[in-house]
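Taking it in order: structure first as C-alpha cells, then the write-up.
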Amino acid sequence: MRQKIRKGLLAYTAILFPLLFFFLSPFIIVMSAANGVINGSAVMFGLLLLISLFGSRLFCGWLCPGGAIQDQVINANNRSWNSKWKNASKYIIWIVWLSFIVFLWIHNSPLQLDFFYLSGINLFIVIIYFVVTTIIYVIALITGKRGMCHSICWMAPFMVIGEKLADLLHIPRFRLKADSKTCVSCGKCSKNCPMSLNVLEMVTSGQMDSYECISCLECVDGCPKKVITCGIQRK
Ligand code: SF4
Ligand code: SF4
C-alpha cells in the first residue's frame with residue numbers, strides 16, 4: 001500500500017512538472033541571478049536543504065518529478081548504475097554551477113527576492129523545459145536505474161549537505177535500521193532498490209546509512225522477513 005501511494009505521488013508530480021519546473025529549474029535560477037533576482041528555484045533549493053536536516057532525501061523518493069521520469073525509464077533500462085566515481089560527477093557539476101550563481105548574485109547585488117520571477121510561459125521557457133526533461137530521460141535511458149540522480153542531479157547535493165549537517169550536529173533525521181540476525185540473504189532488497197544500492201551488504205555490515213539512499217522504502221516494504229525498518233533517529 002505504501003509503495004502504491006509513493007508511486008502515485010511520483011506520477012502526480014510528473015504530471016505537474018510543467019508547473020513545478022519553474023521552481024526546480026537549474027537554468028531559471030541562473031537567468032534570475034543574472035538579473036539580480038533570487039527566484040523560486042533558489043528558495044526551493046534552500047528549503048530542500050533545510051527539510052533534509054530531518055527528512056533526509058524523502059523528496060527524491062516520494063516527490064521529485066525528475067525521479068518519476070526516471071522510474072518510468074526503468075521499463076526500458078533497469079540496469080544497476082551506481083559507484084563512487086559515477087556519483088562524484090554531480091558534486092563537480094554542482095560546485096561549478098552554484099559558484100557561477102553566487103558570482104552572479106554578488107556581481108548583481110543588491111538582490112531582490114521574487115518567487116515567481118520568469119515563471120511566465122514563453123517559447124524560451126518551453127525550450128528549456130524540453131531540454132531539461134530530455135536530458136533526464138536520455139541519461140536514465142543510457143545509464144539505467146536513476147542514473148541522472150547519481151550523476152548530474154543539481155538538487156541532490158543540497159540534500160546531502162543537509163544530511164551531513166544533521167549528522168554533524170547530532171540532529172535526528174529519517175534513516176533506515178536493520179536487524180541482520182533475521183536476514184536470510186535473499187537479495188530482494190538490493191534487487192528492488194531504485195538507486196542500485198547493495199542493501200544486502202548494508203544490512204550485513206550494519207551500515208544502513210548511504211547518502212545515495214532516497215528513502216523510497218522499497219527495501220523496507222519488499223523484505224520478506226521485515227529485517228529493515230525506518231524512523232527518525234540520531235546517527
Ligand atoms: S530482502 Fe530482507 S531478508 Fe532478503 S536480503 Fe534483504 S534484508 Fe535480507
Ligand atoms: S536503500 Fe532502500 S530506501 Fe534507500 S533507495 Fe534503496 S530501496 Fe530505497
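Just so it is clear, the model here is predicted, and its values are computed rather than measured. Atoms within a ligand are numbered from 1 in the order they appear, just like the ligands themselves.
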Exercise. Using heavy atoms and a threshold below 4.0 Å, how should the contact between V184 and ligand 1 be classified: side chain, backbone, both, or neither?
Worked result: both

Exercise. Should the proximity of P224 to ligand 1, defined as any heavy atom under 4.0 Å, be assigned to the side chain, the backbone, both, or neither?
Worked result: side chain

For this session: Please determine, by modelled atom types, if S56 and R173 share a side-chain donor-acceptor pair under 3.5 angstrom.
Result: yes

Exercise. Can you tell me if N108 and N35 form a side-chain donor-acceptor pair at under 3.5 Å?
Worked result: no

How many angstroms lie between atom [atom1] of [X] and atom [atom2] of [Y], to the nearest 0.5 angstrom?
| X | Y | atom1 | atom2 | result |
| --- | --- | --- | --- | --- |
| C60 | M159 | SG | CE | 3.5 Å |
| C230 | D221 | SG | CG | 8.0 Å |
| I228 | D179 | CD1 | CG | 11.0 Å |

For this session: Group every Ile, Leu, Val, Met, Phe, Trp and Tyr by side-chain heavy-atom contacts under 4.5 Å, then state whether L200 and I214 land in the same group.
Result: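 No; tracing contacts between hydrophobic side chains, which count when under 4.5 Å, never links both residues.
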
Problem set entry | Atoms of ligand 1 close to C223 [distance to a heavy atom under 4.0 angstrom, numbered from 1] | 1 (S), 2 (Fe), 3 (S), 7 (S)

Problem set entry | ligand 1 atoms in contact with C189 (distance to a heavy atom under 4.0 Å) |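 Numbered from 1, ligand 1 contributes 1 (S), 5 (S), 6 (Fe), 7 (S).
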
[atom] - nearest protein heavy atom and its distance:
| atom | value |
| --- | --- |
| atom 5 (S) of ligand 1 | G187 N, 3.2 Å |
| atom 4 (Fe) of ligand 1 | C186 SG, 2.2 Å |
| atom 8 (Fe) of ligand 1 | C183 SG, 2.3 Å |

Problem set entry | Basic-acidic side-chain contact under 4.0 Å: K7, D71 | no

For this session: Tally every protein N/O/S atom whose distance to atom 8 (Fe) of ligand 2 is less than 2.8 Å; waters are neither shown nor counted.
Result: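 The number of such protein atoms is 1.
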
For this session: Report yes or no: does S52 contribute a side-chain atom to a donor-acceptor pair with the main-chain N or O of L49 at less than 3.5 Å?
Result: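 Side chain of S52 to backbone of L49, a donor-acceptor pair under 3.5 Å: yes, one is there.
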
For this session: Determine whether the aromatic ring centres of F17 and Y129 lie less than 6.0 Å apart.
Result: yes

